[in-house]
Amino acid sequence: MNNVIVSPSILSADFTEMKSAIAEIKNAGAQWVHCDVMDGVFVPNISFGQKMVGDIRKITDLVLDVHLMIVNPEKYIEEFAKNGADYITIHYEATENLEEALKLIRQCGCKAGLALKPGTDVKVVEKYLDLIDMMLIMSVEPGFSGQKFKPETLDKMKLFGEMAKGKNILLQGDGGINMDNASTLVSCGCTCLVAGNAFFKAENKAEVVKKLKGI
Ligand code: DX5
Ligand code: ZN
């Protein structure tokens, strides 16, 4: 039984058609909705904030997977939790108070995710393993959808699997994931795959989800 989680990123959707984008995610068989929050400081792009998450919460029971690409995410964790986030993922590179921030995510009743940019050594997360429910290893530089997958990040995924053996931590891949490389990511330990352009630009979205799940 295959249980890869597919989390389409609404960054690649038409924001004026968000309701139908969420319906497409559900109808295609994906389990999560990936919400890329960008502040124009941590990354050179600005996307949307907690209101988008709150509005989507009102129209779906899918898992809301919020990826915060913002500096000092601890300032906004409660806001995103109040607006219905299920998973809140913050970047290792974005805060001086990582331990407190991760604890705060769980205190707010959410699952805690920790993200790394492609260039950050995976060993840095070792001391946070008991504080996280999900690890996100970025396979593009955060900031934009539609970039090319960086294969050199696969080794980090494998290494994470060894470090986190026996722990109940999801491993999420994000950036440039498509029907051709999904099985490689899964073989390197990914249990959750984000897809922006590969999902929203596809005619047959159910087929994309099936292929990402490996079925
Ligand atoms: C990049 C975002 C990704 C991105 C995925 O900063 O975190 O979630 O939107 O889009 P694709 O799948 O098109 O690379
Ligand atoms: Zn993302």
- request: Treating Ile, Leu, Val, Met, Phe, Trp and Tyr as nodes and any side-chain heavy-atom pair under 4.5 angstrom as an edge, say whether M134 and L102 lie in one connected cluster.
  value: no

List the atom pairs, donor and acceptor, that lie under 3.5 Å between side-chain atoms in residues 158-167 and the rest of the protein, sequence neighbours left out.
residue, atom, partner, partner atom, Å
K167, NZ, D130, OD1, 3.0

query: Sub-3.5 Å donor-acceptor pair from the side chain of Q147 to the main-chain atoms of E141, do we have one?
result: yes

message: Give me each pair satisfying ring-ring contact (aromatic ring centres under 6.0 Å, His included) with a member in residues 82-127, each pair once, sequence neighbours excluded.
response: W32-Y87, F42-H91, H67-H91

Atom CZ of F200: over 12 foreign heavy atoms under 6.0 Å: yes

Residue pair S139 / P151, side-chain heavy-atom distance below 4.5 Å: no

Minimum heavy-atom distance V53-A85, with the two atoms named: CG1-N, 4.2 Å

- line: What one should report as the nearest heavy-atom pair of L131 and A112 is O-CB, 3.6 Å

field: hydrophobic_cluster_shared for L136 and I132, side chain cutoff 4.5 Å
entry: no

- prompt: For the atom pair CG (D55) and CD1 (I59), what is the distance rounded to the nearest 0.5 Å?
  reply: 8.0 Å

statement: Residues S9 and V194: closest non-hydrogen pair is CB-CG1, 4.0 Å

message: Any side-chain to backbone donor/acceptor pair from S47 onto D36? Under 3.5 Å, distance only.
response: yes

message: Working to the nearest 0.5 angstrom, can you tell me the gap between L114 CG and D133 CG?
response: 11.0 Å

4.5 Å side-chain heavy-atom contact, F149 and L154: yes

task: Could you pull out the closest heavy-atom pair between A198 and A195, with the gap in Å?
output: CB-CB, 4.3 Å

- request: Could you pull out the closest heavy-atom pair between T153 and P118, with the gap in Å?
  value: CG2-CB, 4.0 Å

query: Please walk me through it: do F80 and V37 pass side chain to side chain contact (heavy atoms under 4.5 Å, CB included)?
result: CA-CA 10 Å; F80 281 96; V37 176; 3.8 Å; yes

- prompt: Hey, is CD on E152 packed in by over 12 heavy atoms from elsewhere, all under 6.0 Å?
  reply: yes

task: Please list, chain by chain and in numerical order, all residues satisfying salt bridge (Lys or Arg N to Asp or Glu O under 4.0 Å) with D61, sequence neighbours excluded.
output: K26

field: salt bridge (Lys or Arg N to Asp or Glu O under 4.0 Å) between R57 and D86, intermediate numbers included
entry: CA-CA 10 Å; R57 178 76 293 162; D86 294 298; 2.9 Å; yes

field: Minimum heavy-atom distance P142-M69, with the two atoms named
entry: CB-SD, 3.6 Å

- prompt: Would V186 end up clustered with M135 when hydrophobic side chains under 4.5 Å apart are linked, directly or stepwise?
  reply: yes

- prompt: Would you find a donor on one side and an acceptor on the other, under 3.5 Å apart, between the side chain of K213 and the backbone of G29?
  reply: yes

message: Determine whether a donor-acceptor pair (N or O, by modelled atom type, separation under 3.5 Å) exists between the side chain of Q31 and the backbone of V6.
response: yes

- prompt: Is V41 linked to M138 within one hydrophobic cluster, defined over Ile, Leu, Val, Met, Phe, Trp and Tyr using a side-chain heavy-atom separation of less than 4.5 Å?
  reply: no

CG-NZ distance between L193 and K211, expressed to the nearest 0.5 angstrom: 14.5 Å

Inter-residue atom distance I105.CD1 - E100.CD, 0.5 Å rounding: 12.0 Å

field: V209 side chain reached by L212 side chain, heavy atoms, under 4.5 Å
entry: no

- prompt: Can you get from L129 to L170 by hopping between Ile, Leu, Val, Met, Phe, Trp and Tyr side chains that sit under 4.5 Å apart?
  reply: no

- request: Report the C-alpha distance between I25 and F199 in whole Å, list the side-chain angles of each, state the deciding distance to 0.1 Å, and finish with yes or no for side chain to side chain contact (heavy atoms under 4.5 Å, CB included).
  value: CA-CA 9 Å; I25 292 174; F199 182 84; 3.8 Å; yes

query: Cut-off 3.5 Å, side chains only: do S7 and D65 have a donor facing an acceptor?
result: yes

query: Can we say E99 and K103 salt-bridge, meaning some charged N sits less than 4.0 Å from an Asp/Glu carboxylate O?
result: yes

message: Quick check against the 3.5 Å criterion: does E93 have a side-chain atom that pairs as donor or acceptor with the backbone of K117?
response: yes

query: If we ignore angles and hydrogens, is there a donor and acceptor under 3.5 Å between the side chains of E74 and N97?
result: yes

- request: Any chance you could measure I70, atom CD1, to I46, atom CD1, to the nearest 0.5 Å?
  value: 12.0 Å

field: Criterion side chain to side chain contact (heavy atoms under 4.5 Å, CB included) on C190 and M157, from CA distance to verdict
entry: CA-CA 7 Å; C190 284; M157 294 170 185; 3.6 Å; yes

query: Going by heavy atoms in the side chains, are P44 and F144 under 4.5 Å from each other?
result: yes

field: Backbone N/O of N197 and side chain of S145: donor-acceptor pair under 3.5 Å
entry: no

task: Take I10 and V33, measure what side chain to side chain contact (heavy atoms under 4.5 Å, CB included) needs, and give me the verdict at the end.
output: CA-CA 7 Å; I10 56 164; V33 177; 3.7 Å; yes

- request: Taking D39 for its side chain and V71 for its backbone only, find out whether a donor-acceptor pair lies under 3.5 Å.
  value: yes

message: How long is the straight-line distance from SG of C110 back to CD1 of I77, given to the nearest 0.5 Å?
response: 9.0 Å

